[in-house]
Number of protein chains: 2
Amino acid sequence: MNSNFSSQQVQDIGEQGLLERLQRFCPSEIIGDDAAVLVTAPEQSLVVTTDVLIDGVHFSNLTTSPEDAGWRAAAANLSDLAAMGASPLGITVGLGLPGEVRVSWVERLYQGITECLQKYNTSIVGGDVVRSPVTTLAITAFGQVSPYRIIRRSAAVIGDAIVVTGVHGASHAGLELLLHPQLGQSLKDVERMALTRAHQRPQPRLDVLPILCKILASPSPIPIAGMDSSDGLADAIIQICRASGVGAVLERRQISMPAAFDHWLTEEQALAYALYGGEDFELVLCLPQKSALALVQHLGQDAAIVGNITPGSTVLLHDEQKKFPDQVLSLSQGFQHFSQ
Amino acid sequence: MNSNFSSQQVQDIGEQGLLERLQRFCPSEIIGDDAAVLVTAPEQSLVVTTDVLIDGVHFSNLTTSPEDAGWRAAAANLSDLAAMGASPLGITVGLGLPGEVRVSWVERLYQGITECLQKYNTSIVGGDVVRSPVTTLAITAFGQVSPYRIIRRSAAVIGDAIVVTGVHGASHAGLELLLHPQLGQSLKDVERMALTRAHQRPQPRLDVLPILCKILASPSPIPIAGMDSSDGLADAIIQICRASGVGAVLERRQISMPAAFDHWLTEEQALAYALYGGEDFELVLCLPQKSALALVQHLGQDAAIVGNITPGSTVLLHDEQKKFPDQVLSLSQGFQHFSQ
């Protein structure tokens, strides 16, 4: 666009570019994880995360009921807390609303938010409502964690196993089925419902935290690396590797996917949904092999060890059956897979 | 508008009406103060407050530089913390931006936010940036307070003195001078600058908290009632009286105002600015007479005891010089004073 620096616009550098530019205004120690960590007491850290959602960009009445929009917004924020190892204390909800929005729409949105929060024993603890030309939802979630239990992206070490807490690809598949109902003729009704449900009512994996505590209850705490897979499984693994200065090998056939993919999608399509679909809100954790095995056993069949942390900086997708050649994963592949 | 309940729109009940309707989704114990209080540890409470600001509604490039918009947004949230007795831990900033907004505008906004935060030893600890058709700023501030030091609106008791921590009316006067530069010809340059500065760079009264702690350091903690005067001094006193189930007598000539008002505004105009102008971000505190006197002495000349808490529910404006008759204050008077 314009080469004059002072007239550079947000669209010239994008939201991500702007966020990076704005990091100089924040303390450096709080940057780079799913949420910020603040020490409030000797044995307690406060974890804070915030999301802004805009009508037409992040949700739409065309594909999402207000209840589901509310649930998804709450779930995304709770997932950021889970990704840090933190238990929720509450959320605040800031709303910008055009005057012609129906009160019942707002109440249904709040219904969805509170349904999600209640499931995880937390609640809305504050808010603001203002007039705006566009419906805007700003959620801030905060939680607490013992400083020894914080999960950070930067803590992965060579030899760690990479664990996913559940299937990937279901949320994106659900969205595709909602947008294009003619798709997935081979799916049973129950499968179709499960996939759309995965998109409409994602489950933040706060249930994993007490299991992690139990497994890792040793005299010296083991640092765990991890984040959630809100932006896709590939993104999560790449981000963890970047932050930790390591590489990874991902075993293609170990990635858990919905069983329905077998008789609906090609192998390549299924893998693309799982790696790049996003919004599954599972946790991707790196921990020693023995602990990883114990965690997967506790979590049940959809959890899996999907790879290992390696030296270097490459994230390699490997096929143990040698049907597909090794492939280096990068963040740009996700956009290619889903661009029109 | 439409009498059908389900088609009722936000504009039919207003933002305040909607907020009240939405309170049923929140735990009842957190409603009704400047911020929510959550107990996180035996000797520690977390205080959280959130604000959403929309371009053209809450700030505008026509009257406010991006630095000032940032400062004011941060100050308003820190003031909510001060109003609860809490020291700031940090804020999160959620931004919605049209693509054509200049990057330099956003950086100047952040500059203003961080200048304000630095003054109070706190910082931005998280954020989100998304594309939006309208510039939107969502700030959540959180702080901590000992449970014995929480300032609540509902704690005023009959006989308490009402203390203001500084002058009222300056911010509104500053706004008027910015909007109508032809006003205030009788003002000296230094007075004009001080008034516009009061509007552009309000000072949240976090400095009052350690003084309060010192004065009230007694074996049994004295509960203090109070809030900030962000919506006007009259509003603050009426809200405290409502929440505490008491009345008040306010002494007209005790209300501290900028000295410049004497040779610029009529007595009635000056009083309207002070009572209903808003955005002065002073604290309005109710405490026993002896403590009130000590507090005013510590704070200096602009602080004052402006009245007393009385039985009943009426907030009476009294003139000790009997020049004006007693007047009952109500929230609707503010709107009358400043409606066109």
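In what follows, every chain begins at residue 1, and chains take the letters A, B, ... in the order their sequences are listed. Everything numeric in this text was worked out from a predicted model, so none of it was measured.
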Residue part contacting chain B, namely of Val130(A), when any heavy atom lies under 4.5 Å: both
Part of Gln111(B) within contact of chain A (heavy atom distance under 4.5 Å): both
field: Main-chain N/O of His199(B) paired to Arg72(B) side chain as donor or acceptor, under 3.5 Å
entry: yes
Non-hydrogen atoms of Asp128(B) and Asp51(A) that approach each other most closely: OD2-CA, 3.3 Å
query: Which region of Ile13(A), side chain (C-beta onward) or backbone (N, CA, C, O), has a non-hydrogen atom less than 4.5 Å from a non-hydrogen atom of chain B, or is it both or neither?
result: side chain
- prompt: When heavy-atom pairs shorter than 4.5 Å are enumerated against chain A, which of Val57(B), Ile113(B), Val106(B) gives the highest number?
  reply: Val106(B)
query: In terms of heavy-atom pairs under 4.5 Å, which option from Asp55(A), Leu19(A), Leu53(A) contacts chain B the most?
result: Leu19(A)
- request: Counting only heavy atoms closer than 4.5 Å, note whether Leu46(A) contacts chain B via side chain, backbone, both or neither.
  value: side chain
Heavy-atom closest contact (Thr64(B) atom, Ala69(B) atom, distance): CG2-N, 3.4 Å
task: Under 4.5 Å heavy-atom distance to chain A, tell me which part of Val101(B) shows up: side chain, backbone, both or neither.
output: both
- prompt: Given the options Arg131(A), Gln118(A), Gln144(A), which has more heavy-atom pairs under 4.5 Å with chain B than any of the others?
  reply: Arg131(A)
- prompt: Is the side chain of Thr50(B) donor-acceptor paired with the backbone N or O of Ile139(B) at a distance under 3.5 Å, no angle test?
  reply: yes
Engaged part of Leu18(B) at the chain A interface, taking heavy atoms whose separation is under 4.5 Å: side chain
message: Shorter than 4.5 Å, heavy atoms on both sides: which option in Ser132(A), Gly94(A), Ser123(A) has the most such pairs with chain B?
response: Ser132(A)
- request: Compute whether any side-chain donor of one residue and acceptor of the other, for Tyr110(A) and Glu67(A), lie under 3.5 angstrom apart.
  value: no
task: Compute whether any side-chain donor of one residue and acceptor of the other, for Asp12(B) and Gln8(B), lie under 3.5 angstrom apart.
output: no
task: Start with the C-alpha distance between Leu209(A) and Val145(A), add both sets of side-chain angles, then the distance that settles side-chain contact (heavy atoms from CB on, under 4.5 Å), and finish with yes or no.
output: CA-CA 10 Å; Leu209(A) 304 183; Val145(A) 57; over 6 Å; no
message: Less than 4.5 Å apart, side chain to side chain, heavy atoms only: is that true for Arg108(B) and Arg102(B)?
response: no
Atom group of Glu100(B) that falls short of 4.5 Å from chain A, counting heavy atoms: both
- prompt: Who among Thr114(A), Leu22(A), Leu97(A), Thr49(A) has the most heavy-atom pairs with chain B under 4.5 Å?
  reply: Leu22(A)
task: Ignoring hydrogens and angles, state whether a donor on the side chain of Ser229(A) or Asp280(A) is under 3.5 Å from an acceptor on the partner side chain.
output: no
query: Highest number of heavy-atom pairs under 4.5 Å with chain A: which of Gly17(B), Ala138(B), Gly99(B)?
result: Gly99(B)
message: Heavy-atom cut-off 4.5 Å, strictly under: side chain, backbone, both or neither for Thr136(A) against chain B?
response: side chain
